[in-house]
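Report on one structure; see the data block that follows.
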Amino acid sequence: MKQQGFGGVRFESQRFRLLSIVVGCFLISVTFLLSTRPESTVFDTLSPKMAWLEETRSTPVRSAVKTVKPSSSSLPRGLGRDFLVDVAPKQGDAHGRQPEQSAGEKTETEWVKDTVIIQESSAVAAERAEQEEAEQGHGADAGAGEDATPGATEEVVRDDVVRPTAAVITARPAVETTPTPATTTRHDQDQLLPMPEGETRKAGGRMMKLHAEPATTEQHQLPTPGRLETPEPERAARDQPQQPLPPLCDFSDRRSDVCDFTGDIRMDANASSFVVVVDAATAAQSHKVRPYPRKGDQTCMGRVPEITVRTTSSSSTPPPPQCTRTHGVPAVTFSIGGYTGNIFHDFSDVLVPLYNTVHRYRGDVQLVMANVAPWWLVKYDKLLRELSRHAPLDLAAAAAKGETHCFRHAVVSLRAHRELIIERDRSPDGLATPDFTRFIRRALSLPRDAPTRLADGTGRKPRLLIIARHRTRILLNLGDMLRVAEEAGFEAAVSESDVGDPISRVGAEINSADVLVGVHGAGLTNMMFLPPGATMVQVVPWGGLQWIARMDYGDPAEAMGLRYVQYEIGVEESSLKDTYPRGHKIFTDPTSLHKKGFGFMRHTLMDGQNITLDLGRFRGVLQQALGNYLAQ
C-alpha cells in the first residue's frame, strides 16, 4: 500500500509537470504575440472579427469611406456588383490620440478625416511577411480563431495591420460623396459579403451602399494627412506649362493698333475693357488701345478713350464680369471722336476703314461706338444700316447701365490703310477703293455709274461742278470760272453744300457731275460720289503743298477710278502776295516753313490765303478734261 501510494504521488507529479510545460508554452506564445503585435490585445486572437465589430459599435467614431480601384482578376469568387465593407479609421490610445510622428517622417499608413487612405512601401510589406512566417512557426495557437476568406491567397490579419491585398474595391455611401483613391486591407476582404444589387447595410454606424467599379491600372498619388487635396482638374491645369495664346493685338501698323480675338469674351462697358476668359494654364495678356486710326497724332488720340483688352481665368480674383446680354454676332469697336465732324476725317478715319473691317460679316455684326454723337449717327444712318443690321451700341450708355455684353469674336479698332484708300493686298477680304465707292452708290441709291458720253447722240453737255468755299481758300473769281467753263462746252454749276446737309442730297448732287473742281480741302472728299471715269480737278494753294494735296486727294482719286488733274497756282494767283514782301521766304523757299509744323502750315498757307485763278491756265485744264470725254 505504501508503494502504491508513492506511485500515485509520482503519477500526479508527472501530470503537474506536463501541465506546467503546456501552460509555459502557451505563455511563451502569448508573450511572443504581444511583443510582435503591441497594438493588439490577447482577446483579439479568440475572434478578431467579433472583437473588431464590437469595438466599432461601442466607440463613437465616424465611419470612413474608402475609395480604391479593383482588379477584376483578383476579386473573390461570387463577388457581385453591390456588397458591404466595414471601414473604420485607425485607433489611437485610450484617449483617442494618434501616435506621435517626428518631423519629416513618413508613416506607413496615412489617415484623413472620414477617409481611410492606406499606403505601404514594399520594404515594409517584406518585413511584415517575414514576421508572418515566424508567427506560423511559433504561434499557431494565436491564429486558431481566425477565419480565412475563400479564394484569398494570404492569411487573415487584424484590422489594425496593413497588408497587400488580393482584391481591391470601391466603396460609396448611400449619400453621394466624392471617391478618394486608396488601397485596402485583407481584413476588408474578410468583411466582403455578396449582396443583392441595390441593398444597403450599416458600416460604422452609417448606411452605406457599395458599388464595384471597373478595374484600372492607373496609379494614384495619395494625399498627405491633414492637408486639403487639390481637385484633379485644377492641379493638372496648375502643373501644366503655360500655353501660348496668339497675340490679341497687332501694333505693327503705322496708322492703327487693332485687336482681333475669339473665345469667351466679356465686354465690361463700365471699365471700357474686353475680357477674354481662358484656362489657368494660358499665359496672361493685357493691352491698351485707342480705337481710332491716327495713332501718331497725339492731339487727335487725346480725344479718343483707351480700351483695355486682357485675358483672365474663371477662377481668378476678382472673377470675370457676368454677362447681362449675350450676342450671337461678332463685335467691332471704334471711336467717332478724334477729328470726326470734318467730312474728310469722317470717311478717311471711320467710314472707309469701317467698311474694310466689317465687310466680311455681311451685315451680321454688332457695331460698338465710343464718343457717340447723335448728329453723326443721323447723318450717316444709311451707310451704317448697310454695314450692320443691328442698332449701334453706345459704349458710354452701356457703361451707365452697368451692362456686360458677351461675344464669341471681337475686333477693337479699325483696319485703315492710306487716306481714303483701301489697298487690296492688305485688305483681309481683298477689297479695294472701288469696292467702297460702289458700296456708297448702292447705299445712297446714286444712279450713275459712268460719266456722260459725248458721242451718245443725245446732245447733252458734260456737267462741271465747282465746290465753293466761304471762309478760307475762297475762289475770288468764281463767276469768271463758270463763264469760261460754259464757253468750253460744259454745263457749269456751283455746289454750296454745307456740313449739316444730308449725305444723300450731297451725294446725288455730286453724282450728277462729270467734272468736279475745287480747292484743296475737305470738300473734295465728295469726289467719292462721282461716277467712275469722271474727272476731278484739285486746285493746290501756294506754299509747297503739292505733296499733301497728292496724298489726301490725288492718289485717292486715281484709286477710285477717276481722272485726276492737279492745278498748282502761282504767286500771282495767291492773296499772299498782298501780305508778304516778294523777297520773303514764303515765296522763295516755302517748303522750309513746313518745319514749323502742320499748325503753322494750316494757319498761314491754307487758311491764310484766297485764290484768283488765271483764266488762261484754267481754260487749258478745261480742254484737258473735255478731251477725256472725247476719248471715250
Side-chain angles (χ1 to χ4, degrees), residues 297 339 342-345 347-348 418-420 464-482 484-485 494-499 510 515-528 535-558 562-622 624-625:
D297 189 330
Y339 290 143
N342 175 298
I343 189 173
F344 172 77
H345 291 286
F347 278 89
S348 188
R418 297 158 59 194
E419 305 288 9
L420 299 174
L464 183 143
L465 193 63
I466 301 176
I467 297 176
R469 296 180 62 90
H470 303 287
R471 292 186 295 274
T472 61
R473 283 162 274 165
I474 300 172
L475 290 170
L476 299 175
N477 58 343
L478 180 58
D480 293 335
M481 292 174 61
L482 291 172
V484 170
V494 176
S495 173
E496 297 187 2
S497 61
D498 188 76
V499 66
I510 302 299
V515 179
L516 184 67
V517 179
V519 181
H520 173 81
L524 289 180
T525 308
N526 292 318
M527 66 183 175
M528 67 181 56
T535 300
M536 199 274 282
V537 179
Q538 177 177 202
V539 178
V540 183
W542 176 261
L545 302 177
Q546 295 87 344
W547 65 274
I548 192 171
R550 185 80 195 185
M551 178 181 68
D552 287 352
Y553 303 106
D555 291 343
E558 292 177 345
L562 305 177
R563 299 177 184 272
Y564 177 66
V565 178
Q566 185 160 300
Y567 183 103
E568 300 171 5
I569 72 171
V571 174
E572 297 300 327
E573 297 173 279
S574 172
S575 64
L576 291 174
K577 69 181 186 301
D578 303 324
T579 306
Y580 297 93
R582 287 303 180 93
H584 195 277
K585 187 177 288 188
I586 203 171
F587 299 117
T588 60
D589 189 13
T591 57
S592 65
L593 300 177
H594 296 181
K595 297 178 182 178
K596 295 185 177 182
F598 184 77
F600 173 84
M601 292 171 58
R602 182 181 182 87
H603 180 266
T604 304
L605 302 177
M606 295 183 184
D607 297 344
Q609 65 176 310
N610 294 318
I611 300 167
T612 302
L613 280 188
D614 182 328
L615 296 180
R617 291 183 62 199
F618 185 56
R619 284 191 181 95
V621 172
L622 295 176
Q624 181 181 348

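Positions are given from 1 along the sequence.
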Flag, side chain of [X] to backbone of [Y], donor-acceptor distance under 3.5 Å:
X	Y	answer
Gln609	Pro541	no
Ser348	Leu420	yes
His345	Ala522	no
Ser575	Asn610	yes
Trp542	Ile586	yes
Arg473	His520	yes
Thr604	Phe600	yes
Arg418	Met551	no
Glu573	Gly570	yes

Exercise for the section: State plainly whether the residues Arg550 and Glu419 are in salt-bridge range, i.e. N to O under 4.0 Å. Expected result: no
Exercise for the section: Would you mind checking if Glu572 and Arg582 are paired as a salt bridge, meaning a charged N to carboxylate O distance below 4.0 Å? Expected result: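 Glu572 and Arg582: salt-bridged.
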[atom1]/[X] to [atom2]/[Y] distance, rounded to the nearest 0.5 angstrom?
X	Y	atom1	atom2	answer
Leu465	Ser497	CG	OG	8.5 Å
His470	Leu475	NE2	CG	11.0 Å
Leu576	Ile569	CG	CD1	7.5 Å
Ile510	Ile467	CD1	CD1	5.0 Å
Leu524	Ile343	CG	CD1	10.5 Å
Met536	Gln566	CE	CD	8.5 Å

Side chain to side chain, [X] and [Y], heavy atoms closer than 4.5 Å:
X	Y	result
Leu545	His594	yes
Met528	Pro556	no
Leu464	Leu622	yes
Leu593	Met601	no

Can you see which heavy atom on [X] is nearest to which on [Y], and at what distance?
X	Y	result
Phe598	Ile548	CE1-CD1, 3.7 Å
Pro590	Thr588	CD-C, 3.8 Å
Gly544	Thr591	CA-CG2, 3.9 Å
Ala549	Val540	CB-CG2, 3.7 Å
Glu496	Ala468	CG-CB, 4.1 Å
Lys577	Val571	CD-O, 3.9 Å

Practice task
Please say whether more than 12 non-hydrogen atoms of neighbouring residues, nucleotides or ligands are located less than 6.0 Å from CZ in Arg602.
Solution key: no
Handout entry: Heavy-atom neighbours of His603 NE2 exceed 12 at 6.0 Å
Key = no
Exercise for the section: Hey, can you tell me if Tyr567 and Phe618 have their rings parallel, tilted or perpendicular (30° and 60° cut-offs)? Expected result: perpendicular
Exercise for the section: Kindly state whether the ring of Tyr339 and the ring of Phe344 have centres lying under 6.0 angstrom apart. Expected result: no
